[in-house]
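First the proteins, then the strands, lettered A, B, ... as listed; each starts at 1.
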Amino acid sequence: MNRRRFIRVAGAGTLAGAGAVGLTAAGCGRVRKLLQIDNAPSARVAARGATTKVFSICDNCVNKCGIIAHVARGRIVKLEPNPAFPKSRGMLCAKGNAGVKTLYDPDRLKHPLIRTGERGSGAWRKATWKEALDFTAERLLAIRERYGPQGVLFSSCESFQERFFRSLAQAWGSPNLVRHPSVCLSSSNLAWFITYGTVPEFDLAHADYVIASGANRFESFITPDSVDLSDGLRQRKAKLVYLDPRFTVTASKADEWLPIRPGTDLAFYLALIHVLIEEQLYDRAFVEAYTHGFEELAAHVTRFSPEWAAAETEIPADRIRAIAREFAARAPKAVIYRGRRTSWYQNDTEMRQAMAIANVLVGNWDTPGGVVPNEKLDLGAPEPPEYPWPDAERVDAIAERHPLASAEDGAYIELRDAVLADRPYPVRGWMMFKHNPMHTLPDRRLTEQMFRKMEFVAVIDIQPTDSGWLADVILPESTYLERTDPIEEFSVPYAFAALRQQVVKPQFSTRPCLDIMKGLAARTGLGRYFDFDIDQYIAAQLAPHGIDRSAFEATGVWSNRTARQYGVTRNPEFRFRTPSGKIELANERLRRNGYPPLPEYAPPAQPPGGQFRLLPGKQALFTHAANQNNEWLHELCAENRLWINRAVAESKGIADGDQVRVRSRIGEVKVRAFVTGRIRPDCVHLPHGFGHTTSALRRAFGRGASDQDLIEPRWDRISGNAALHETFVTVERV
Amino acid sequence: MRLGMVVDTQRCLHCGACLVACKAENEVPTGRSRNWVAEREAGTFPGIGVRIEPGQCMHCENAPCVRVCPTGASYVDADGVVLLNPDDCIGCRYCIESCPYDARYFDEDSGTVDKCTFCVHRVAHRQQPACVLTCPAKVRVFGDLDDAQAPVSRLAAERGGAVLKPEAATRPKIFYLS
């Protein structure tokens, strides 16, 4: 379908009118009755008086946009984009703007809490930091006494201070560290890494032709990549080809939307590669000079014709041929875009590998508008004493089960299985930093069992969470606006460094992660690993460049360059970090580890009659389950709804807004329906992050439903990344 | 000076940044909003389309809200911005009834009506309105419609400038690019 043509037609009649006016995003529950929690009229705009500006960095998602905080009388009145920040430039999304309400949320954690009632009962007592840290250290040491250091699991999500949490974990000597990538993008990281020897970036600011599979940058996640893609479409007439079973906002802006049959993207990319080779559209000189395994690839893809793929994908063969030709014709300023969360199917690594291979063939590597290597500034850091080598193996046995996956990140679902089964040894303590496995791991019942198996759980976070509610102690972290973090390096659009500096003093009795770690380290005999404060840490980071913090005064950022240097690796002598030293088409790391060196295709299972494939996904207003309680974001979207195809809904007697019961093999939820033409009839879509069970989040509590009550725990065979799109559900009107 | 805006609906992602930035900038009470994003779906799968259309007070040249105001609280300032002086507002809400765009709301706390001001307090300091500044996709372009060289005027001239509800004859100063 040609989107632009459609939009011209649709735009002929204007939309105006109060009837069309709404605050509510598609598929979002309308605001019913807003809780009047923090509605005391603060000083009005005019009465604010003069504000001071502080440069800092947003923390409402992984992108970390540059912000300018406006402060009046010790209170932040507004957050605005920092135009000098090279990555985000003049943008700040809804979440970024709403950060003020995270800081001043009356529901946030205000002081340490120690559990007094049954686990999960919500009975807590307020504790001093000394009490809470003494208690935590005592319990951890008791577990070490009984089960060894490996008896404590450390789990975390990304943060500029996550390094301190991981440092404590390594000093402690447990092999059981797990991070978020195995419920997010570990399959993608793995596939791109084994192909190029690096996890690359995508130069959307100069690309003229972009193919994206479910990389929903205009709806799920508004980032600098979204801006570059949007500007490209409008200013350079770049072309976007978008594959998704849903007509997302991204689809609505694309030149071509292909409502692909779910789970068949690999067939599409294999056919694309087939055409590139069969019609000799690939960059022969590049392939000869820089790649390994072309002949093997060519032989492998002969059977994956567009006609074959059409039957799998429901995308006509002539469209696949046309896209392959145009992709090659627009190269090297043409990319197949990686996107972010890739925890989709059990063959996810192979699918991502095929995307990477198609990019390699058109020679878009390390050129403007192509796939580009990461740039680094090489900051320093204080040298820690050597960490102990753990005596025990990881319980997720990642080295045997997923030998190519990152042992630093772990495999979360299999780790949970191992803990539940005491395999190969008991894990009874759990230290958790800035993440919420009750919302991020499929099958909440199993996650809750894992909590209940623990003798001790400590959670470090800024607000009450469903996971924190199952802990023994909660250690409240200061928010990103109340603390100074280590300098952070960015690699888009070129290497630069930026400083998140404290904007206001902590509002309550909270501490930065580093201070919490220092407190625990001192009590567990590990103080020597934290022989610095944040200022000394920053000074050590900047030392190799001979600068100090004053370099960040003028704009909040620093770099020794002003633009990306293209082509550094486009030198036939350059050795890529792969076994062959080349970019690998036939993959030697895969072969050495017993996997096929090239992606094999197996058709995905299809939903039995009367069932639907459940597609989870994100909305740009929220990052996972982190900000549904934010007053301003809650106002825009109070609850999620289940997207269901209109014709299907009519046949089932479901009207828009009706309550429906959604049932999978592992559980069921009740949620309201969003009846729409924007989704294939064989799928339903439930936005992620709702269904909070903690009453302490007074706005978000009980609103909407959690996809993790439905999703079956499965994983990608090679990476161990969660396969969140493999669940079938029934839907009935309640 | 005649302040106005063009809106490029094709760029709008309905991300909500403008809605939150306005709330923060203008301390708009909970449950109220000075701007909005409308979304309309047309067609059936797979021949489907979506129009996304942000809006706010149109700062009409022929503003019904100003005409019906019994106290003169609603007025048009020297730069063509439709404003409201809360000291003179008696909360009768005739203006809310008269607005074809539903762009005004009653603020229970103050007992007066409120609405988009084009962030004149910012414009006075040569800053863009909050919704314009924060927008990731740069949907809105704001400026002086009397200045033919201003981006706002050039865009309106080059890409047409449809107004919402032309039948209301309000002569809005927000133009939707085609």
Side-chain angles (χ1 to χ4, degrees), chain A residues 1 3 6-7 9-11 14-18 20-23 25-26 31 34 36 39 41-42 44-46 77-81 90-94 96-98 100 218-219 222 226-227 230-231 234 247 249 252-253 259 620-621 631-633 635-636 645-647 676-681, chain B residues 8-27 29-33 35-53 55 99-103 107 109-110 119 121 130 133-138 162-166 168 176 178:
Chain A
M1 270 119 279
R3 287 300 105 206
F6 177 85
I7 285 159
V9 175
T14 173
L15 240 197
V21 169
L23 287 170
V31 178
L34 289 162
Q36 300 292 312
N39 201 17
S42 46
R44 282 277 174 181
V45 188
V77 294
K78 181 105 187 295
L79 300 170
E80 289 188 350
M91 75 162 274
L92 192 63
C93 77
N97 274 285
V100 185
F218 296 155
E219 178 178 297
I222 307 296
S226 317
V227 170
S230 173
D231 283 348
R234 300 296 157 222
F247 185 78
V249 175
S252 78
K253 307 294 178 188
L621 288 175
E631 181 185 331
W632 288 335
L633 301 175
E635 252 188 83
L636 295 178
N645 177 278
R646 178 169 290 119
T676 178
R678 303 182 216 177
I679 187 166
R680 285 173 59 100
Chain B
D8 188 345
T9 55
Q10 287 189 26
R11 280 180 173 262
C12 183
L13 309 178
H14 198 165
C15 76
C18 56
L19 308 179
V20 181
C22 177
K23 285 211 92 123
E25 179 67 41
N26 297 297
E27 301 192 18
T30 300
R32 304 292 184 203
S33 185
N35 53 0
W36 60 81
V37 181
E39 190 173 302
R40 180 168 292 171
E41 179 181 316
T44 53
F45 179 90
I48 193 87
V50 168
R51 180 173 168 83
I52 301 172
E53 187 185 87
C99 176
Y101 309 100
D102 201 10
D107 179 352
D109 290 331
S110 63
C119 284
H121 61 286
L133 179 82
T134 205
C135 179
K138 301 299 168 221
V163 298
L164 300 188
K165 297 202 170 177
Y176 289 78
S178 53

*For B:Y101 and B:L164, indicate whether the former's side chain and the latter's backbone hold a donor-acceptor pair under 3.5 Å.*
yes
_Taking side chain as everything from C-beta outward and backbone as N, CA, C, O, which of these in A:I679 sits under 4.5 Å from a heavy atom of chain B? Side chain, backbone, both or neither._
backbone
*For the atom pair CD (A:E631) and OG1 (B:T30), what is the distance rounded to the nearest 0.5 Å?*
3.5 Å
*Pick whichever of A:A620, A:S230, A:P81 has the most heavy-atom pairs under 4.5 Å with chain B.*
A:P81
*Pick from A:V100, A:T676, A:N645: which one has the most heavy-atom pairs with chain B under 4.5 Å?*
A:T676
*Between B:T9, B:D8, B:L13, which shows the greatest number of heavy-atom pairs under 4.5 Å with chain A?*
B:L13
*Determine whether A:S226 and B:P136 make a side-chain contact, defined as any pair of heavy atoms from C-beta on separated by less than 4.5 Å.*
no
*Determine whether A:E80 and A:L92 make a side-chain contact, defined as any pair of heavy atoms from C-beta on separated by less than 4.5 Å.*
no
